[in-house]
Amino acid sequence: MATQRRRFVKEFNPHITCYICKGYLIKPTTVTECLHTFCKTCIVQHFEESNDCPKCGNQVHETNPLEMLRLDNTLEEIIFKLVPGLREGEQNRELEFWKRKQPQENGDDGVVNVKRHRDDEEENDEDRDYHRSDPQIAICLDCLRNNGQSGDNIVKGLMKKFIRCSTRVTVGTIKKFLSLKLKLPSTYELDVLCNGEIMGKDHTMEFIYMTRWRLRGENSYPMVLQYRPRIDFG
């Protein structure tokens, strides 16, 4: 029976280190355009100066490359398991940061405050991280008229038609948002369209952007979705 060769962490370094800072990936974040991964802080700071991937040089987005980033939580867990002490070291650095940031509020040395801050952060981590870690997309919601058909007098244009939301938001959620903003009856049905095609309620904004908006040569920003009263073809 063949014995398994022991592997060293350094053998995995090309796959778990950041191209920008050369350290182990912290909050690994992948560019969806080219699938290169960097530390979250590193790539966000890079995109403040450039719209190109720092590794391959390809343009990530014409105006807002931050929309094309996605956290890789699975890779983060793998790295923490591969590199002994990395998780604890990162937590200690964060603790020291908050000690310096909030030195003496309600305590002699700031430790109480830091602990309370971390406890609050952990308590609300799921909700807060959801908004922070999801890539965001800007959308323009336009009212599409049906040439005087039934429902035109009920469905109006929004006062503020530009919104920013997670790329995971579905068409069904957009419909609920529109119904609330337009104060529509709960039984009232809307269609949401992109490039004249009705979108399914389970389609995410990312799916629509990748398969309808972007692939049809629409490079303008933001992505435009239209809504109208549902037309009964029966």
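The first residue in the sequence is number 1, and the count goes up from there.
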> Are Glu77 and Arg87 side-chain neighbours, meaning at least one heavy-atom pair lies under 4.5 Å?
Replying inline: yes
>> Quick check: do Phe177 and Val169 have side-chain heavy atoms less than 4.5 Å from each other?
In response: no
> Within a strict 4.5 Å, meaning less than it, do heavy atoms of the Leu225 and Asp142 side chains meet?
Replying inline: no
> Do His61 side-chain atoms and Asp52 backbone N/O form a donor-acceptor pair below 3.5 Å?
Replying inline: no
> If you take all heavy atoms of Ile174 and Met205, which pair is closest and at what distance?
Replying inline: CG1-CE, 3.9 Å
>> Could you check whether Lys22 makes a cation-pi contact with Tyr19, meaning its NZ or CZ is under 6.0 Å from the centre of the six-membered ring and within 45° of the ring axis?
In response: yes
>> So, taking the atom named CG in Leu190 and the one named CG in Leu184, what distance separates them when rounded to the nearest 0.5 Å?
In response: 5.5 Å
>> Has Glu67 got a side-chain atom pairing as donor or acceptor with Ala138's backbone, closer than 3.5 angstrom?
In response: yes
>> Looking at Glu197 and Arg212, is there a salt bridge between them, counting it only when a charged N and a carboxylate O are closer than 4.0 Å?
In response: yes
> How far does CG of Leu158 sit from CG of Leu182, to the nearest 0.5 angstrom?
Replying inline: 5.0 Å
>> Donor-acceptor pair, distance only, cut-off 3.5 Å: does the side chain of Asn51 make one with the backbone of Gln59?
In response: no
> Is there side-chain contact between Leu141 and Ile139, with at least one heavy-atom pair below 4.5 Å?
Replying inline: yes
>> Distance check, rounded to the nearest 0.5 Å: Met68 atom CE versus Cys53 atom SG?
In response: 12.5 Å
>> Measuring from atom SG of Cys140 to atom NZ of Lys160, what distance do you get when rounded to the nearest 0.5 angstrom?
In response: 14.5 Å
>> Taking the side chain as everything from C-beta on, heavy atoms only, tell me whether Pro222 gets closer than 4.5 Å to Phe162.
In response: yes
> So, for Leu75 and Pro28, which heavy atoms are closest and what is the spacing to 0.1 Å?
Replying inline: CD2-CB, 3.8 Å
> What heavy-atom pair brings Tyr227 and Gly157 nearest, and what distance separates the two atoms?
Replying inline: OH-CA, 3.3 Å
>> So Met199 and Leu193, do their side chains get closer than 4.5 Å, heavy atoms only?
In response: no
>> Does this structure show an ion pair linking Glu90 with Lys27, if we count only N-O contacts that are shorter than 4.0 Å?
In response: no
> Does a side-chain N-to-carboxylate-O contact under 4.0 Å join Glu189 and Arg228?
Replying inline: no
>> Parallel, tilted or perpendicular, judged at 30° and 60°: which one describes the rings of Phe207 and His203?
In response: tilted
> Is Lys181 close to Leu178 at the side-chain level, that is, under 4.5 Å between some pair of heavy atoms?
Replying inline: no
>> I need the Asn64 CG to Leu69 CG distance, nearest 0.5 Å.
In response: 9.0 Å
> Just by modelled atom types, is the Asn13 backbone N or O under 3.5 Å from a matching donor or acceptor in the Thr17 side chain?
Replying inline: yes
> Can you tell me if Thr204 uses its side chain to pair, donor with acceptor, with the backbone of Thr170 under 3.5 Å?
Replying inline: no
>> In the structure I gave you, are the side-chain heavy atoms of Ile26 and Thr41 within less than 4.5 Å of one another anywhere?
In response: no
